[in-house]
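Please read the structure below before turning to the comments.
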Amino acid sequence: MPLPPTGAAIFQGAARILSGLLEARTGQILSEGRAWRMETALRPVLRTHGLKDIDDLAAMLLRKRDPRLDEDVVNALLNNESSFFRDLQIFDMIHRQILPRIQEDRHDRTLRIWSAGCSTGQEAYSLAIRLRNDMARWQGWRIEILATDISTAAIEQARAGIFSQMDVQRGLAVGDLIKWFEPHGEDWRASPDLRRMIDFRHDNLFDPRAPSGEYDLLLCRNVLLYFTPERRGDVLRLLARHSHAGSVLLLGAGETVIGQSDDFLSHPEFRGGYARKAVAPNCAGGPMRRTA
């Protein structure tokens, strides 16, 4: 007679079901380190749905009776780590080099930025703060910031613009906190001026609906590292479709297009950035600009 499965075996089986759901919904592979933290991450979900343990949760998912449960599990397992002005040297390069070059080249006086995998919004708000602090330079410009993420919970928080004291202490200068945030109970809320600058959308990079046309600056930082090589290629092809000859793509410090994409190469001016490879023009007069 076969022995009944041990607790460890039950947990491993449940973990496979949960990680399979995450991959199917988001394309993300659950790393070994994140798998070991799975039980802690899912405790609030267990409490909310009245489930005893991970095994009960996996069994409920297999019955496919509660779409809300699927969404709650995916939100809990996603890594929504973010902070204001994360990798400050990148934001300095954006402010001092990339945006001035885009401003030189964009004769239509429209600046379009896409923050893909924006998490709870700190990256997009950091961009908005830099632009608002330098608004005299951008008088008369139309500025569009699209910020997308697969996590519905992260996008809800980003839209609300509410951050804890710990959140604002991570990377946000005191002057910017006072200027662009308002007390909100024990938390802080981004000012209406900042919130209006950003279009936060729930979106899936493998079934995208939010992006349209071409973007001058594309940020997809610390997103690709959770995907298989094939999925990374899919995302980079998507980013290429929404970029033009003068676009700049920024990835995370541990990410690269090398061996992943035929559409991008290292940027000749901006260290750590990527540029679209030259393509044959569709018509005279330079690269095609996005349509509204």
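On a predicted model such as this, the values are computed, not experimentally measured, just so you know.
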Exercise. With a 4.5 Å heavy-atom cut-off, do Met93 and Leu250 have their side chains touching?
Worked result: yes

Problem set entry | Derivation of the ring-ring contact (aromatic ring centres under 6.0 Å, His included) call for Trp188 and Phe181 | CA-CA 6 Å; Trp188 294 85; Phe181 289 78; 7.5 Å; no

Exercise. How long is the gap from CG on Leu239 to OG on Ser247, to the nearest 0.5 Å?
Worked result: 10.0 Å

Exercise. Is the shortest heavy-atom distance from the side chain of Leu127 to the side chain of Ile198 under 4.5 Å?
Worked result: no

Exercise. Any donor and acceptor pair, going by atom type alone, linking the side chain of Gln122 with main-chain N or O of Phe85 inside 3.5 Å?
Worked result: no

Exercise. Of all heavy-atom pairs between Ala116 and Val223, which one has the smallest distance, and what is that distance?
Worked result: O-CG2, 3.7 Å

Exercise. Any chain of hydrophobic side-chain contacts (each under 4.5 Å) joining Trp138 to Ile129?
Worked result: yes

For this session: List in chain and number order the residues that pass side chain to side chain donor-acceptor pair (under 3.5 Å) with Asp262, two or more places apart in sequence or in another chain; answer none if no residue qualifies.
Result: none

For this session: Give the minimum heavy-atom separation between Arg106 and Thr110, together with the two atoms involved.
Result: CD-O, 3.5 Å

For this session: Measure across Leu218 and Ser243 and return the closest heavy-atom pair with its distance rounded to 0.1 Å.
Result: CD1-CB, 3.9 Å

For this session: Output yes when Arg189 and Glu182 qualify as a salt bridge under the 4.0 Å nitrogen-oxygen rule, no when they do not.
Result: no

For this session: Decide yes or no for Arg276 and Phe264: does some side-chain heavy atom of the first lie under 4.5 Å from some side-chain heavy atom of the second?
Result: yes

Exercise. What's the spacing between Gln157 CD and Ser151 OG if we round to 0.5 Å?
Worked result: 9.5 Å

Exercise. Does Ile162 belong to the same Ile/Leu/Val/Met/Phe/Trp/Tyr cluster as Val168, with side-chain heavy atoms less than 4.5 Å apart forming each link?
Worked result: no

Problem set entry | Note: Arg209-Asp207 ion pair, threshold 4.0 Å (strictly below) | yes

Exercise. Say you draw a straight line from CG of Leu236 to CG of Leu249; how long is it, rounded to the nearest 0.5 Å?
Worked result: 7.0 Å

Exercise. Does the Arg109 side chain pair with the main chain of Gln139, one donor and one acceptor, at a distance under 3.5 Å?
Worked result: yes

For this session: Flag the pair Arg68 / Thr48 as yes when at least one side-chain heavy-atom distance between them is below 4.5 Å, and no otherwise.
Result: no

For this session: Spell out, yes or no, whether Leu18 and Leu62 are grouped together once hydrophobic residues are joined by side-chain heavy atoms under 4.5 Å, including indirect joins.
Result: no

Problem set entry | 4.5 Å side-chain heavy-atom contact, Leu219 and Cys118 | no

For this session: Examine distances only and state if a side-chain atom of Glu144 and a backbone atom of Arg112 form a donor-acceptor pair shorter than 3.5 Å.
Result: no

Problem set entry | Any donor-acceptor pair under 3.5 Å from Ser115 side chain to Ala147 backbone | no

Exercise. Judged by atom type as modelled, is there a donor-acceptor pair below 3.5 Å linking the side chain of Arg201 to the main-chain atoms of Thr148?
Worked result: no

For this session: Assess whether side-chain contact (heavy atoms from CB on, under 4.5 Å) is satisfied between Arg237 and Asp263, documenting all intermediate values.
Result: CA-CA 7 Å; Arg237 280 188 288 276; Asp263 297 307; 3.8 Å; yes

For this session: Give a yes or no on whether the backbone of Gly213 and the side-chain of His242 come within a donor-acceptor separation of less than 3.5 Å.
Result: yes

For this session: Look up atom CG in Leu42 and atom CG in Asp53, then write down how far apart they are to the nearest 0.5 Å.
Result: 11.5 Å

Problem set entry | Flag, side chain of Asp203 to backbone of Ala210, donor-acceptor distance under 3.5 Å | yes

Exercise. Counting only heavy atoms not in Glu186, do more than 12 fall under 6.0 Å of its CD?
Worked result: no

For this session: Identify whether Leu251 and Leu265 are in the same connected component of the hydrophobic contact network (ILVMFWY, side-chain heavy atoms under 4.5 Å).
Result: no

For this session: Kindly indicate whether the side chain of Asp216, heavy atoms from C-beta on, has any atom under 4.5 Å from the side chain of Ile113.
Result: no

Exercise. For the salt bridge (charged side-chain N to carboxylate O under 4.0 Å, His left out) test, which of Arg86, Arg221, Arg130 pairs with Glu123?
Worked result: Arg221

Seminar exercise, completed: Closest non-hydrogen contact found for Met60 with Leu69 is CG-CD2, 3.2 Å

For this session: Using the rule that two of Ile, Leu, Val, Met, Phe, Trp, Tyr join whenever any of their side-chain heavy atoms come within less than 4.5 Å, decide whether Ile145 and Trp141 are in one cluster.
Result: yes

For this session: Supply the atom-to-atom distance Leu57 CG to Lys52 NZ, rounded to the nearest 0.5 angstrom.
Result: 13.0 Å

Exercise. Ignoring hydrogens and geometry, is there a side-chain-to-backbone donor-acceptor pair from Glu255 to Leu224 under 3.5 Å?
Worked result: yes

Problem set entry | Polar side-chain atom of Asn204 near backbone of Phe206 as donor-acceptor pair, under 3.5 Å | yes

For this session: Classify the angle between the aromatic ring planes of Phe163 and Phe84 as parallel (below 30°), tilted (30 to 60°) or perpendicular (above 60°).
Result: perpendicular

For this session: Please determine if Glu156 and Arg159 form a salt bridge, counting it only when a charged side-chain N lies under 4.0 Å from a carboxylate O.
Result: no

For this session: List the atom of His267, the atom of Val248, and the distance in Å for their closest heavy-atom pair.
Result: NE2-CG2, 4.0 Å

Problem set entry | Closest non-hydrogen atom pair, Ile143 against Met197 | CG2-CE, 4.3 Å

Problem set entry | Pairwise distance CG(Leu225) to OG1(Thr256) - rounded to 0.5 angstrom | 12.5 Å

Problem set entry | Residues Lys179 and Asp176 bridged, charged N to O under 4.0 Å | no

Exercise. Are Arg196 and Asp193 ion-paired here, with the side-chain N under 4.0 Å from a carboxylate O?
Worked result: yes

For this session: Check the angle between the aromatic planes of Phe200 and Tyr125 and answer parallel, tilted or perpendicular using the 30° and 60° thresholds.
Result: tilted

